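Have a look at the structure below before the remarks.
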Amino acid sequence: MGILEKIKEIEAEMARTQKNKATGKLIFLTLLLNCKYHLGQLKAKIAKLRTQLLEPPKGSSGAGDGFEVTKFGHGRVALIGFPSVGKSTLLTMLTGTHSESASYEFTTLTCIPGIIHYNDAKIQMLDLPGIIEGASEGKGRGRQVIAVAKSSDLVLMVLDASKSEGHRQILTRELEAVGLRLNKRPPQIYFKKKKTGGISFNSTCTLTHVDEKLCYQILHEYKIHNAEVLFREDATVDDLIDVIEGNRKYMKCVYVYNKIDVIGIDDVDNLARQPNSVVISCNLKLNLDRLLARMWEEMGLVRVYTKPQGQQPDFSEPVVLSTDRGGCTVEDFCNHIHRSLVKELKYVLVWGTSARHYPQHCGLQHHLQDEDVVQIVKKKEKEEGGRGRFKSHSNAPARISDREKKAPLKT
Ligand SMILES: Nc1nc2c(ncn2[C@@H]2O[C@H](COP(=O)(O)OP(=O)(O)OP(=O)(O)O)[C@@H](O)[C@H]2O)c(=O)[nH]1
Ligand SMILES: [K+]
Ligand SMILES: [Mg+2]
């Protein structure tokens, strides 16, 4: 029996167990409890099979022809969605790279990269073929598309505003089936395998979904007999399985409802109020600037401008850091410029929103914020205006907020 058939079989068994539970065939409490343990065990079985399914065939990287695109720029965004929702139209609008769009499904067959120039940063955007229900199990090009999604920093789930709301759930399920977790944080469960000592099970709060017996059973399913488990929140069986599997990818996702030009204003209003959603129309160029701003926010990008001593800051090319990836402390900033810089650094002078006063003397652990200006002061180098005095403001940049805002990206 193939892995897919095995998964189908277990899913059927789960459905039967759930139905028995719901229809009240199991009137005794003990039987109901057994039902819970049985379901937990089945869930672990499916998770194991899905992991097997995801292992790429020997000698391949998992992506595949036409899908291996080199990373470029300060972040990567993947466009995921059903066929003909307007992914290629959106890429063409935002990046200026042409990606074929047409009214028939599966117009796009490979991964098409484009670059968005926004806030002096470069963001790589990837157009991908449409995916369909069953993609996670290998239907269409689902597996390749999902592999690319995993390699990105942000997923834009593009949806057709005029189609069923159910599409969002179907796609989310497909992505979850391959280990992607959208807009969730990792479960607060400490888990460590041990060589000996059996299983120690503890919690710092009351647990309503998982008890010691169920936890043992799940671990048994994974043939784990020695481990330390500490629940720091009232997590579910699915959370526990995620932690044991350890290969889950927690990603940010923005739901982009396109084609709002063909629906009524009440429906637009309703969609716009959904969590993590942005409504747009590529055809009418509606709200694309809002989408860009949202992408920027979600990617946690931070621009830092350098100011050479005695000169105006260089506002043409910032160092772009990310709060999510790599961090944005002064140390991260220095490493970005040169690896040896940290050793030579005495302190930095900071102007901008992260500074309490202008300029603030800061050390390596100081967290920089978007649009800060930084002057590096190396050891054995005299700062401008004399040490510890702040009178030399002649060369300080004008207030950041005063400086001319550059024109936003063409949309
Ligand atoms: N009404 C309307 N139609 C749009 C809009 N954006 C795109 N379309 C149309 O939707 C159709 C599909 O657009 P594509 O960009 O090819 O969609 P896709 O998601 O890339 O499709 P596949 O590559 O086949 O998965 C085209 O006929 C577009 O002109 C929009 O904002 N409003
Ligand atoms: K299309
Ligand atoms: Mg397309």
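Predicted model only: the values in this text are computed from it and were never measured. Keep in mind that the numbers below use all heavy atoms, side chains included, and drop hydrogens, waters and symmetry copies. Remember, it's 1-based here, ligands and their atoms both numbered in the order they're listed.
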Using the six-membered ring wherever Trp is involved, compare the ring planes of F201 and F231 and label them parallel, tilted or perpendicular (cut-offs 30° and 60°). tilted
Contact (N/O only, under 3.5 Å) between K259 and ligand 1: yes
Can you tell me how far the CG atom of L182 sits from the CZ atom of R168, to the nearest 0.5 Å? 9.5 Å
Which atom pair, heavy atoms only, marks the closest approach of D153 to M299? CB-CE, 4.2 Å
Rounded to the nearest 0.5 Å, what separates atom CG in D242 from atom OH in Y250? 4.5 Å
Taking 3.4 Å as the cut-off, does an N/O/S atom of T107 lie below it from the K ion (ligand 2)? yes
Determine, for R185 against E233, whether the closest basic-nitrogen to carboxylate-oxygen distance falls under 4.0 angstrom. yes
Is it the side chain, the backbone, both or neither of V85 that has a heavy atom closer than 4.0 Å to ligand 1? both
May I ask whether A102 places a heavy atom under 4.0 Å from ligand 1? yes
Is S101 close to ligand 1, meaning an N/O of one under 3.5 Å from an N/O of the other? no
List the closest protein heavy-atom neighbour of atom 4 (C) of ligand 1: residue, atom name, distance to the nearest 0.1 Å. N283 OD1, 3.5 Å
Polar contact flag for L284 and ligand 1 (N/O pairs, less than 3.5 Å): no
Residue portion contacting ligand 1 (non-hydrogen atoms closer than 4.0 Å) for K87: both
Which ligand 1 atoms, with their elements, are less than 4.0 angstrom from a heavy-atom of G130? 25 (O)
Is there a side-chain contact between F82 and M157, using heavy atoms and a 4.5 Å cut-off? no
Per-atom filter on ligand 1: closer than 4.0 angstrom to a heavy atom of F106 are 24 (O)
So, 3.4 Å as the limit: is an N/O/S atom of S101 located closer than that to the K ion (ligand 2)? no
Hey, are R303 and D372 close enough for a salt bridge, meaning a charged N less than 4.0 Å from a carboxylate O? no
Does D127 approach ligand 1 within less than 4.0 angstrom via side chain, backbone, both or neither, non-hydrogen atoms only? neither
Hey, which atoms in ligand 1 end up nearer than 4.0 Å to a heavy atom of N258? 5 (C), 6 (N), 7 (C), 30 (C), 31 (O)
Can you report which non-hydrogen protein atom sits closest to atom 17 (O) of ligand 1, along with the distance? G86 N, 3.0 Å
Between E11 and R50 (salt bridge meaning N to carboxylate O under 4.0 Å), is one present in this structure? yes
Among all protein heavy atoms, pick the one closest to atom 20 (O) of ligand 1 and tell me residue, atom and distance. S88 OG, 2.8 Å
Salt bridge check: are K378 and E344 linked by an N-O gap of less than 4.0 Å? yes
About how large, to 10 degrees, is the angle OG1 of T108, then the Mg ion (ligand 3), then OG of S88? 90°
Regarding T92 and S99, is there a side-chain donor-to-acceptor distance under 3.5 Å anywhere? no
May I ask you to check whether A102 brings an N, O or S atom to under 3.4 Å from the K ion (ligand 2)? yes
Distance in Å, S200 OG paired with L230 CG, rounded so as to fall on 0.5 Å steps: 8.0 Å
Hey, does the side chain of E317 reach the backbone of F315 with a donor-acceptor pair shorter than 3.5 angstrom? no
Among all the protein's non-hydrogen atoms, which is closest to atom 22 (P) of ligand 1, and how far away is it? S84 N, 3.6 Å
Do ligand 1 and P83 have nitrogen or oxygen atoms that lie under 3.5 Å from each other? no
Sidechain-backbone polar pair: D332 side chain, T329 backbone, donor-acceptor under 3.5 Å: yes
Establish, from distance only, whether the side-chain atoms of S354 and H366 form a donor-acceptor pair under 3.5 Å. yes
Report yes if V262 has an N/O atom closer than 3.5 Å to an N/O atom of ligand 1; otherwise report no. no
Which one of I280, L91, T108, D261 has a non-hydrogen atom at the shortest distance from atom 23 (O) of ligand 1? T108
Distance under 4.0 Å to a non-hydrogen atom of Y104: what atoms of ligand 1 satisfy this? 24 (O)
Verify, without hydrogens or angle tests, whether D211 (side chain) and L214 (backbone) share a donor-acceptor contact under 3.5 angstrom. yes
Does any N, O or S atom of S101, backbone or side chain, fall under 2.8 Å from the Mg ion (ligand 3)? no
What I want to know is whether E100 and ligand 1 share at least one N or O pair that is separated by under 3.5 angstrom. no
Which distance, rounded to the nearest 0.5 Å, do you find between the CG of L291 and the CD1 of I280? 5.5 Å
Atom 13 (O) of ligand 1: which protein heavy atom is closest, and how many Å away? T89 OG1, 3.5 Å
Is Y104 close enough to the K ion (ligand 2) that one of its N, O or S atoms comes in under 3.4 Å? yes
Tell me the protein heavy atom at minimum distance from atom 31 (O) of ligand 1, and give that distance in Å. C282 N, 2.8 Å
Between the side chains of E13 and K8, is the shortest nitrogen-to-carboxylate-oxygen separation below 4.0 Å, so that they form an ion pair? no
Using a strict cut-off of 4.0 Å, indicate which atoms of ligand 1 neighbour a heavy atom of S103. 27 (O)
State whether the shortest distance between N or O atoms of E105 and N or O atoms of ligand 1 falls below 3.5 angstrom. no
